[in-house]
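Okay, structure first, notes after.
Start at 1 with the first residue, then count along the sequence.
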Amino acid sequence: MAKISAINKNNKRIKLSEKYYKKRESLKKIIMNKNISFEERFKAQQKLSKLPRNSAKIRVRNRCQITGRPHGVYRKLKISRIALRQLGLEGKIPGMVKSSW
């Protein structure tokens, strides 16, 4: 189980990234547009840098929804390989059977 503080910090980053998503995207479009004057692009760059760092989507860590484990997490399922195996052994995932050969 991961530290509760690490899980809470990541949840805070998720909320911030959702809150500032549209604003960040619009500023990035202005910055990347070469047809706009240099001064306007520079002002957009400054506005972007004023936004909270944790509002960037890249700072969000993929964590297991069950255990909070940061490594070995399946993106589609949002659970770690260990939690997936445990749920499979308990029979809570339909169609998943323990491998034997």
Side-chain angles (χ1 to χ4, degrees):
M1 188 75 177
K3 287 174 64 175
I4 301 297
S5 61
I7 295 169
N8 290 339
K9 190 187 299 183
N10 198 48
N11 290 339
K12 184 180 176 184
R13 287 177 177 163
I14 291 169
K15 287 177 187 172
L16 274 175
S17 66
E18 289 170 356
K19 181 180 177 183
Y20 288 100
Y21 179 76
K22 288 187 178 181
K23 191 170 191 174
R24 290 184 79 86
E25 287 301 311
S26 64
L27 287 172
K28 284 181 185 180
K29 282 183 182 176
I30 293 170
I31 293 166
M32 298 306 272
N33 190 352
K34 302 294 180 186
N35 298 331
I36 299 174
S37 69
F38 178 76
E39 290 81 20
E40 287 183 46
R41 290 187 2 229
F42 185 71
K43 286 179 185 176
Q45 181 69 47
Q46 286 180 326
K47 285 181 185 177
L48 185 65
S49 66
K50 295 263 189 208
L51 294 177
R53 277 190 178 176
N54 284 336
S55 67
K57 192 177 178 184
I58 196 77
R59 291 180 66 105
V60 175
R61 184 81 166 111
N62 283 339
R63 287 188 173 271
C64 175
Q65 295 292 312
I66 299 167
T67 61
R69 180 177 162 75
H71 296 286
V73 178
Y74 293 105
R75 289 181 190 163
K76 197 170 189 177
L77 304 173
K78 294 187 179 177
I79 59 174
S80 68
R81 59 186 176 82
I82 298 166
L84 178 69
R85 184 173 188 272
Q86 192 64 38
L87 290 173
L89 288 173
E90 293 170 5
K92 294 185 178 176
I93 300 176
M96 190 172 187
V97 239
K98 185 179 175 187
S99 171
S100 61
W101 59 92

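What you find for A6 and R63 is that their closest heavy atoms are CB-NH2, 3.6 Å. Scanning all heavy atoms of the two residues, the minimum distance from V60 to S17 falls at CG2-OG, 3.9 Å.
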Only distances under 3.5 Å count here; give the side-chain donor-acceptor pairs of residues 80-97 to other protein atoms, sequence neighbours excluded, each with its distance to 0.1 Å.
residue : atom : partner : partner atom : Å
S80     : OG   : A83     : N            : 3.2
Q86     : NE2  : E90     : OE2          : 3.4
E90     : OE1  : K92     : NZ           : 3.3

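For residues 33-56, the set of pairs meeting the side chain to side chain donor-acceptor pair (under 3.5 Å) definition, not counting sequence neighbours, comprises R13-N54, R24-S55, N54-R59.
Distance check, rounded to the nearest 0.5 Å: NZ of K3 to NZ of K9 gives 8.0 Å.
F42 is not connected to I30 by any chain of hydrophobic side-chain contacts under 4.5 Å among Ile, Leu, Val, Met, Phe, Trp and Tyr, and they are in different clusters.
Inter-residue side-chain proximity for N10 and I7 is flagged as unmet; no heavy-atom pair is nearer than 4.5 Å.
In terms of the side-chain contact (heavy atoms from CB on, under 4.5 Å) criterion, residue partners of K28 (sequence neighbours excluded) are, by chain and number, E25, L48.
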